[in-house]
Structures are given as structure tokens and as C-alpha cells.
2 protein chains.
Amino acid sequence: MGAASKESIKTQKGELTRALILKAALEIFHERGYEETTMRSIAKHAGVSLGNAYYYFGSKEHLIQAFYHLTHEQHLAALATLPKGTTFKARLLTVIKLKMTTLQPYHEFAGVLFKTAANPQSPLNPFGSDSDPVRRASIDVFKDLVESANVRIPKDLKAELPYLLWLYHMGIVLFWIHDSSPKQRRTYRLIDTTVDLLDKLISLASNPLMRPVRKRALRLIEELREAANDVGGESLAV
Amino acid sequence: MGAASKESIKTQKGELTRALILKAALEIFHERGYEETTMRSIAKHAGVSLGNAYYYFGSKEHLIQAFYHLTHEQHLAALATLPKGTTFKARLLTVIKLKMTTLQPYHEFAGVLFKTAANPQSPLNPFGSDSDPVRRASIDVFKDLVESANVRIPKDLKAELPYLLWLYHMGIVLFWIHDSSPKQRRTYRLIDTTVDLLDKLISLASNPLMRPVRKRALRLIEELREAANDVGGESLAV
DNA sequence: CAAGAGTTTTGAACACGTTCAAGTATCAAT
DNA sequence: ATTGATACTTGAACGTGTTCAAAACTCTTG
């Protein structure tokens with residue numbers, strides 16, 4: 001949780017400056033929205049020069065990436081305090097709801113997270129490559145969840161389940177962004193409904209009788225994911 | 001098919017200029033990609049001034065919108081020659097494959113279509129409002145398909161099916177964009193597999209025994225879509 | 001302390017999307 | 001023909017994201 005995502009920062013002062021800029025950015029994003037916020041205003045608000053902002057964040061989009069990383073770590077921190085012993089369903093419910101709670105303060109501009117979600121480079125792309133560390137970390141949350149759960153799930157399903165749950169969670173976030181009901185109650189209701197549904201579906205799919213159907217579905221999913229992983233493409237690193 | 005999407009164009013010469021600019025844009029997009037193409041180069045290539053390009057296309061993104069509209073009309077034109085009498089499955093297969101054939105020439109830069117797909121304004125957004133004419137036209141293709149098919153599908157499912165098929169088709173397009181296999185063979189294989197699956201699924205869901213399950217699933221889908229339709233928001237019109 | 005090797009910071013400069021006030025073309029009505 | 005209205009066209013100007021060469025800082029080593 002301590003390490004900054006930029007390995008190229010060498011001094012303590014540097015880390016501080018970086019944090020200052022990110023903080024300023026989030027504040028102005030919150031006030032004015034992403035598009036309306038200029039890099040100049042961020043730099044000014046942070047008390048640094050324009051060029052300095054670019055020294056730490058290679059582009060305006062990198063600020064979003066950093067934002068996503070930040071909320072991910074907050075999510076992890078929130079999860080750390082969680083008891084491990086409960087049922088799969090209860091844990092899934094908590095993981096998802098904590099995710100939303102973490103994002104809550106940024107509801108107004110969280111939409112930018114998806115701005116580039118269809119871009120092959122983006123870690124949020126459903127068909128994106130697993131090589132991206134941000135994406136991996138994000139899916140790992142669900143990997144832990146699946147592994148720590150005391151349910152019997154067939155190996156084949158267990159292998160794909162983290163990705164599938166991650167995908168489900170992305171769908172929820174997308175819905176949440178559009179959700180203009182007070183306090184996003186609608187989203188929370190949707191989570192209750194769908195987690196219940198998912199839990200039942202997983203139980204059903206784990207039944208030995210369902211093996212052929214499950215196999216076929218998983219083969220399809222695998223094929224879907226496969227296509228993406230042989231794309232070259234530069235990552236968003238500076 | 002004849003009417004240009006810009007109602008404000010009054011003269012024949014105007015239509016010509018507009019077409020010229022769009023043609024130039026698509027050519028340079030094809031050569032250099034969307035981001036690398038400047039509005040200045042488009043104007044130059046079309047033999048008009050920069051300001052003139054903006055007279056017909058309010059922004060660079062409007063060019064994408066126009067591009068989408070163009071391929072949609074090409075798709076419609078291709079569909080018009082189709083016999084109506086075949087099975088639902090055969091028709092769905094053809095509709096989807098024709099869509100891909102229509103998009104084929106633009107595979108290299110079609111990714112920009114999804115650039116804004118998560119934006120609430122975008123007609124391609126899964127949770128977007130049905131009020132957008134582009135989106136409506138796009139879904140209407142599947143509405144026609146469902147209605148012209150001589151299969152017995154329960155009313156409740158029939159109502160949602162066009163949207164669901166549209167969503168499915170968007171997924172295929174998204175996959176296709178990432179598909180770097182020669183001639184996008186992978187996508188065509190995927191279409192074969194999934195259309196077969198969908199057809200079976202629809203048959204299954206239409207079975208009276210499945211009524212309760214179907215009802216529950218449809219209620220969920222309805223809830224998903226509902227949330228989007230009470231968002232205000234300006235459209236992308238000039 | 002001085003020199004030197006990083007590391008961080010600066011602000012001017014550039015290219016591009018977009019806006020707009022002013023100009024030109026077209027054509028119907030007098 | 002002249003006028004006036006409407007549609008179209010122009011290019012200069014603005015703001016913004018981004019780049020980069022040079023300056024300033026920091027810290028180790030002699």
C-alpha cells in the first residue's frame with residue numbers, strides 16, 4: 001500500500017509533490033468535473049508549475065489512472081478489516097458494497113473511469129490483457145474472495161470465477177455511475193438482487209449434473225478472453 | 001436513406017460539401033487513425049477551410065457519429081435485399097454477419113466508436129437513454145428481426161429481446177475490434193457459436209415451464225434499463 | 001567547502017480542437 | 001439590375017494538453 005505507482009520518484013520531497021498534485025487534481029475534478037479542469041489550474045492549485053505536473057503524471061489521463069489506483073488501495077484497506085469466516089455470498093456482498101462506498105465521494109466524476117474502458121490499452125477493458133498490473137490487482141481481490149470462501153466450487157469454474165466476478169463488479173460500477181437515485185439506493189438494491197442471483201447460479205453450476213453445460217459455457221468464456229491476450233501494444237507507462 | 005443527418009443543410013452544394021468532408025475524414029482516419037488525424041488535414045484534404053468543416057460537423061466526434069450513421073445505413077441497405085422467410089436463427093446470423101462485413105473496411109479505426117460508449121450521452125452506452133435517434137434506429141434492426149421471425153416467443157420476452165440482441169451485437173463488435181486474427185475469423189467463429197447458443201436459450205426461455213425464471217430475469221433487466229431513462233442530459237446535436 | 005551527478009522544477013513554445021465575426025455566393029422578389 | 005435574405009465559407013484568434021531545454025535544487029564524494 002505504501003509504494004507509489006511511479007517507480008521513478010526518488011526523493012521524499014518528490015513523493016510529497018506528487019501527492020500534492022493528485023490531491024489538487026481530485027479536488028478540482030470534484031468541483032468542476034474532468035473535462036472542465038485544466039492542467040494549469042491543477043498545477044496552480046497544487047502550487048507547482050505546469051511542467052512539474054507533467055513530470056509526475058505523463059498526461060491528464062494518468063491522473064485518472066492514479067485516481068483509480070488510489071480508490072483501489074482504499075478498497076483494499078477497507079477489506080483488510082473484514083472477518084474471513086463468513087459465507088461466500090456474504091463476503092461477495094461486502095466486497096462489492098465496500099467498493100461502492102469507496103467510490104461514493106467521487107460519484108460525480110467517476111464516469112471518466114470508463115472514458116477509455118473500450119480502449120485496448122485500458123486496464124478496465126473487459127477484453128483487455130491480464131498483463132496490466134492495475135487490472136491484475138483489481139481481479140486479485142476476487143481471486144482472494146474465491147479462495148478464502150469455504151464453498152466447494154469445481155476447479156474449472158474456480159479458475160474463471162475471479163475474472164467473471166470482476167466483470168460483474170465493473171457492470172455494477174457502470175450502473176452506479178448512471179444511477180441518479182438518492183444516495184444511489186438503486187445500485188444497492190441491484191447489488192442485493194444480483195449477488196443473491198449469482199450465488200444461486202454458482203451453486204447450480206457447481207452441481208455435477210451441470211458439468212457438460214458448465215464446460216461449454218466456460219470454453220466460450222475462455223475463447224472470449226483468449227483473443228485479447230495476443231495483442232502487443234504499449235502500456236500507459238511513462 | 002436519402003436524408004442527411006443534418007437538417008440544417010439547405011442547398012445541394014451544401015450536401016456535397018458535407019459529403020466531401022466526411023469522405024476526406026474517413027480516408028485520413030483510415031490512413032493515420034483517429035487521434036493522429038487533425039481537423040486541419042481533413043479540411044485541407046477536402047479542399048475547404050477549417051471553419052467550413054466545423055460548419056457541417058460541430059466537433060471531431062460528430063465525424064464519428066456520422067461514420068456510425070453511414071455504416072448503419074449501409075447495413076440497412078444490405079439487409080433490404082434479404083429474404084424474409086427463413087428461420088429466426090438464420091436471420092440473426094445473417095444480420096450480425098452483415099454488420100461485421102459492413103464494418104470490415106474500417107476495422108483499424110473502428111475502436112473510436114467505443115471511445116465514448118460509457119459516456120451517458122453516447123447512443124452506444126448500454127444504459128443510455130432510448131431517446132437518441134441513432135440508438136433507436138440501431139435497435140430497430142433487431143426489432144424488425146424479432147417481429148418478422150416466425151417463431152413463437154412470449155410477449156414479455158419479445159418486448160425486451162430487441163434490446164438484448166442489440167446488446168449482444170455490441171459485444172460482438174467490441175470483440176471484433178480486438179480481434180487481430182486474419183480476416184477476423186475468430187469473430188465469425190464466435191458468432192456461429194453464440195448465435196446457436198442464443199437460439200437455444202430463447203427456445204428454452206420461451207418454454208411455459210420457464211415462465212417464473214424468465215419473469216424474474218426480465219424484471220431484473222428492466223430494472224437495469226430503467227435507471228438510465230430518467231437522466232436529463234443534452235444530446236450531441238449542434 | 002567545491003565539484004559533480006542525479007533529481008526535480010520551471011516556463012516558454014508548439015500543435016491541435018474549437019469559436020466567431022466578417023466575408024462571399026445564391027437566389028427570389030421588386 | 002438592385003436589393004435583401006439566407007446559406008455557406010473563410011481564417012484569425014483563443015484555450016488547452018503536451019513537450020522540452022535549461023535552471024535550480026539536493027546529496028554524495030573528495
Side-chain angles (χ1 to χ4, degrees), chain A residues 4-22 24-25 28-29 31-67 112 115-116 119 121 234 236-238, chain B residues 3-22 24-25 28-29 31-67 109 112 115-116 119 121 234 236-238:
Chain A
S5 53
K6 277 278 142 302
E7 329 73 11
S8 42
I9 298 177
K10 298 290 166 65
T11 71
Q12 224 175 329
K13 192 175 163 236
E15 299 245 5
L16 191 75
T17 307
R18 194 192 117 98
L20 222 59
I21 295 167
L22 183 54
I28 312 189
F29 285 164
E31 268 179 46
R32 301 229 190 296
Y34 178 74
E35 306 290 353
E36 302 306 312
T37 302
T38 70
M39 289 298 283
R40 281 166 181 80
S41 71
I42 292 170
K44 196 171 179 182
H45 198 70
V48 301
S49 73
L50 177 59
N52 205 8
Y54 276 95
Y55 181 78
Y56 290 103
F57 302 93
S59 75
K60 202 175 168 186
E61 242 185 81
H62 278 79
L63 283 164
I64 300 177
Q65 187 117 193
F67 158 61
V112 292
K115 213 181 74 100
T116 56
N119 174 326
Q121 319 274 314
E234 286 277 298
L236 244 180
V238 178
Chain B
S5 52
K6 278 275 144 304
E7 328 73 11
S8 42
I9 298 178
K10 299 290 166 66
T11 71
Q12 226 174 328
K13 191 174 163 236
E15 300 246 4
L16 191 75
T17 307
R18 194 192 117 99
L20 224 59
I21 294 168
L22 183 54
I28 314 189
F29 286 164
E31 269 179 45
R32 301 227 192 297
Y34 178 75
E35 305 291 352
E36 302 306 310
T37 302
T38 70
M39 289 298 281
R40 281 166 181 79
S41 72
I42 292 170
K44 196 171 180 181
H45 196 71
V48 300
S49 72
L50 177 60
N52 205 7
Y54 276 94
Y55 181 76
Y56 290 103
F57 302 93
S59 74
K60 202 176 170 185
E61 242 184 82
H62 278 79
L63 282 164
I64 301 178
Q65 187 117 190
F67 158 62
F109 78 91
V112 291
K115 214 180 71 99
T116 55
N119 174 323
Q121 316 276 315
E234 284 277 298
L236 244 181
V238 178

Worksheet item: For the pair made of CG in A:Leu16 and P in D:dT26, what is the distance, rounded to whole Å?
Response: 13 Å
Worksheet item: Hey, does the side chain of A:Thr11 come within less than 4.0 Å of C:dT8's phosphate (OP1/OP2), counting only N and O?
Response: yes
Worksheet entry | Side chains of A:Leu63 and A:Met39 in contact at under 4.5 Å (non-hydrogen atoms) | yes
Discussion item. Main chain of A:Lys13, side chain of A:Thr17: is a donor-acceptor contact present, judged purely on distance under 3.5 Å?
Written reply: yes
Item to complete: Give the rounded distance in Å between these two atoms: CG of A:Leu20 and P of C:dT9.
Response: 10 Å
Discussion item. Whole angstroms only, please: what is the CD1-C1' distance between A:Ile21 and C:dT8?
Written reply: 11 Å
Item to complete: Write down the distance between NZ (B:Lys44) and P (D:dG11), rounded to a whole number of angstrom.
Response: 12 Å
Discussion item. Output the rounded distance in Å from CD1 (A:Ile9) to P (D:dT26).
Written reply: 17 Å
All N/O pairs under 3.5 Å across the protein-nucleotides 10-17 of chain C interface:
residue : atom : partner : partner atom : Å
C:dT10  : OP2  : A:Ser49 : N            : 2.8
C:dT10  : OP2  : A:Ser49 : OG           : 3.3
C:dG17  : OP1  : B:Thr37 : O            : 3.2
C:dG17  : OP1  : B:Lys60 : NZ           : 2.9
C:dG17  : OP2  : B:Met39 : N            : 2.8
C:dG17  : N7   : B:Arg40 : NH1          : 2.7
C:dG17  : O6   : B:Arg40 : NH2          : 2.8

Worksheet entry | Criterion side chain to side chain contact (heavy atoms under 4.5 Å, CB included) on A:Phe57 and A:Arg18, from CA distance to verdict | CA-CA 8 Å; A:Phe57 302 93; A:Arg18 194 192 117 98; 3.4 Å; yes
Worksheet item: Does a side-chain N or O from A:Thr17 land closer than 4.0 Å to OP1 or OP2 of C:dT9, or not?
Response: yes
Practice prompt. Would you mind reading off the distance between A:Gln12 atom CD and C:dT7 atom P, rounded to a whole angstrom?
Written response: 16 Å
Item to complete: Specify the separation, in whole Å, of atom CD of A:Glu15 and atom C1' of C:dT8.
Response: 13 Å
Worksheet item: Between atom OH in B:Tyr56 and atom P in C:dT18, what is the gap in whole Å?
Response: 18 Å
Worksheet item: What's the verdict on side chain to side chain contact (heavy atoms under 4.5 Å, CB included) for B:Val48 and B:Ile42, showing C-alpha distance, side-chain angles and the deciding distance?
Response: CA-CA 9 Å; B:Val48 300; B:Ile42 292 170; over 6 Å; no
Worksheet entry | Cation-pi check, A:Lys60 onto A:Tyr34 ring (under 6.0 Å, within 45° of axis) | yes
Worksheet item: Is there a ring pair (Phe, Tyr, Trp, His ring centres under 6.0 Å) between B:Phe67 and B:Phe29 once you walk through the steps?
Response: CA-CA 11 Å; B:Phe67 158 62; B:Phe29 286 164; 8.1 Å; no
